[in-house]
Amino acid sequence: MIPQDEYNTSQDNTSTHSDIFNLSPREETTPIDSESAEPSEGSTQHAAEVEMTPRKPRITGDRSLWFLYFAFLATSLLFIYSATSTLAYRGESLYAPFTGHLKHIIASVIVAWICSRMNRSLIRSGAIWAYILSLAAVIATPLLGTETNEAKRTLMGVQPSEFYKVGVIFLASAVLSIRELNNNQRFYLFCGLTAIGLLFVAKESLSMGIIITVFVLGIGLVQTGFSKSLLLVGGIGAGLIALLLACLLLLPDSVVMQNSSTARWKGRIEDFTSKSDSSKYVINEDNFQEQHARIAIARSNGTGVFPGNSVERDILPEAYSDFIYAIIIEETGLIGMIWVPLLYILLFFKLSRWATRSQRSWQRIFLLGVGIMYTTQAIIHMCVVTGISPNTGQTLPLISRGGSSLVATSIAIGVCIAITRQIREDEYHQQLEEERKAQEEIAATEAVVANTTSIEGSSLPSSSDEADSMA
């Protein structure tokens, strides 16, 4: 049976576990008066005449997704309170950074709840508009945005690139489910529309562009398999990345340093690729953050120094965002090191399971898209902290400090919960339809049997007929 919430089980306190989660319509029964052991004849006839009406169960979204969502937020609250010590020291109030983050979390929960109440038609009709609005914001950011960390990434205090990721997921669910086009045509159209905003996003944040590119290839692999379109787009993407890296490493510094973004990319790539045994223990301006992130991991000593006792949180400039995973490991040791990846694994697993249950392609694409997008970002963040990849500046979804990232990710999670509710409703109506067909088949079979019996009975001669024939 389909797992579902309990509904009106007070009529029978001895229901089994399978009865509680049974979605078949239940009949309303008249409670028996304890004073009268046997019902009267009139009440029996009346009860037989009244047709029992089924009661529809209360169908909600997947509660385990809500549990995972709040587990992320609880982890964020605990470690952001510890990691924002530098902001509290520089600010006027000791609790201002924490209360600001708490306000963002409350706003994100409200947004997630609103999105979880969306119906199917609203999600379908709003998918393209969500992408158009996020694309317009991304295009306007280089022109009207303010500079943050040597790049124009914010527009009126909001990071449009975070919402563009959600817009791309909406776009994938809308375009890749068009029935009038074949798989290759849908994928080419999706890649072309995504590339418009990708050019503006990658210019200011190369790592964000890489995440979106991985998402496009991943969702294309799920939708089309190893098709010619996927291989072509993947080859073009790999060629462009290789060309970019070659230009950064081979062009003279006088050309590369003219742009702050390219200069930043080249510095990070050279610092990562030119490591030697002697430079592992040298801390300079280029590797300051990466080296102190490794020091934070080493200070944990496997057991951690306990939340609130971190030392590197006062040294790392972005301890509450770009390197929050290092602070988590320093304070909780192996427990935190396993706990955070486990949350993302469970999230991806749950979304994948729901995607396999859906009968609608746009629902499957959206669920898998959310899992691929944010799991990829989390993997990149953890690889940077542990020294596997160069510094990218990517935050940890739903854990790092940042209002735009929290709200955008909460929108995606809320829509996923709404989709799980819609999948349960579809399964419920499908089950009702199957039961209706089964009842019709039984009724038809009984009618045939009754017909056959009446015909056989009428064909037998009566006793008076036999007497007349004998006379």
[X] (side chain) donor-acceptor with [Y] (main chain) under 3.5 angstrom:
X	Y	value
Thr409	Leu406	no
Arg313	Ala83	no
Ser358	Arg360	yes
Arg421	Met118	yes
Gln159	Ser405	no

What's the shortest heavy-atom distance between [X] and [Y], and which atoms?
X	Y	result
Gly308	Glu331	N-OE2, 3.3 Å
Ile219	Ile365	CD1-O, 3.7 Å
Leu368	Ala355	CG-CB, 3.9 Å
Thr332	Pro307	CG2-CG, 4.2 Å
His381	Gln394	ND1-O, 2.8 Å

Worksheet item: Do we get Arg357 above Trp354's six-membered ring, with its NZ or CZ under 6.0 Å from the centre and within 45° of the axis?
Response: yes

Practice prompt. I would like to know whether Ile196 and Val138 meet side chain to side chain contact (heavy atoms under 4.5 Å, CB included); could you show each step before the answer?
Written response: CA-CA 10 Å; Ile196 300 173; Val138 165; over 6 Å; no

Practice prompt. Report the residues that fulfil side chain to side chain donor-acceptor pair (under 3.5 Å) with Ser300, sequence neighbours left out, ordered by chain and then residue number.
Written response: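 If we apply the side chain to side chain donor-acceptor pair (under 3.5 Å) test to Ser300, skipping adjacent residues, there are no hits.
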
Carboxylate-amine/guanidinium contact [X] [Y], below 4.0 Å:
X	Y	result
Arg294	Glu290	no
Glu427	Arg424	no
Asp62	Arg353	no

Fill in: Phe98 CZ: over 12 foreign heavy atoms closer than 6.0 Å
yes

Discussion item. Using the side-chain contact (heavy atoms from CB on, under 4.5 Å) definition, which of the options Asn183, Asn184, Ile178 pairs with Leu181?
Written reply: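 Among Asn183, Asn184, Ile178, the one meeting side-chain contact (heavy atoms from CB on, under 4.5 Å) with Leu181 is Ile178.
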
Worksheet item: Does any donor atom in the side chain of Asn301 or Thr303 lie under 3.5 Å from an acceptor atom in the other side chain?
Response: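 No, Thr303 and Asn301 have no side-chain donor paired with an acceptor closer than 3.5 Å.
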
Practice prompt. May I ask you to check whether His101 and Thr84 show a side-chain donor-acceptor distance below 3.5 Å?
Written response: no

Worksheet entry | Spacing of CD belonging to Glu435 relative to CG belonging to Leu432, to within rounding of 0.5 Å | 6.0 Å

Worksheet item: Taking atom OG1 of Thr194 and atom CG of Leu171, what is their separation to the nearest 0.5 Å?
Response: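 CG of Leu171 is found 5.0 Å from OG1 of Thr194.
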
Practice prompt. Give a yes or no on whether the ring-centroid distance for Tyr164 and Tyr131 is below 6.0 angstrom.
Written response: yes

Worksheet item: Which ring-ring contact (aromatic ring centres under 6.0 Å, His included) pairs, counting each pair once, include a residue from residues 302-344, with sequence neighbours left out?
Response: Phe72-Tyr344

Worksheet item: Please walk me through it: do Glu180 and Gln185 pass side chain to side chain contact (heavy atoms under 4.5 Å, CB included)?
Response: CA-CA 10 Å; Glu180 290 76 10; Gln185 291 173 339; over 6 Å; no

Worksheet item: Would Lys437 and Glu434 count as a salt bridge (charged side-chain N to carboxylate O under 4.0 Å, His left out) if you check the C-alpha gap in whole Å, the side-chain angles of each, and the deciding distance to 0.1 Å?
Response: CA-CA 5 Å; Lys437 290 181 179 179; Glu434 292 175 355; over 6 Å; no

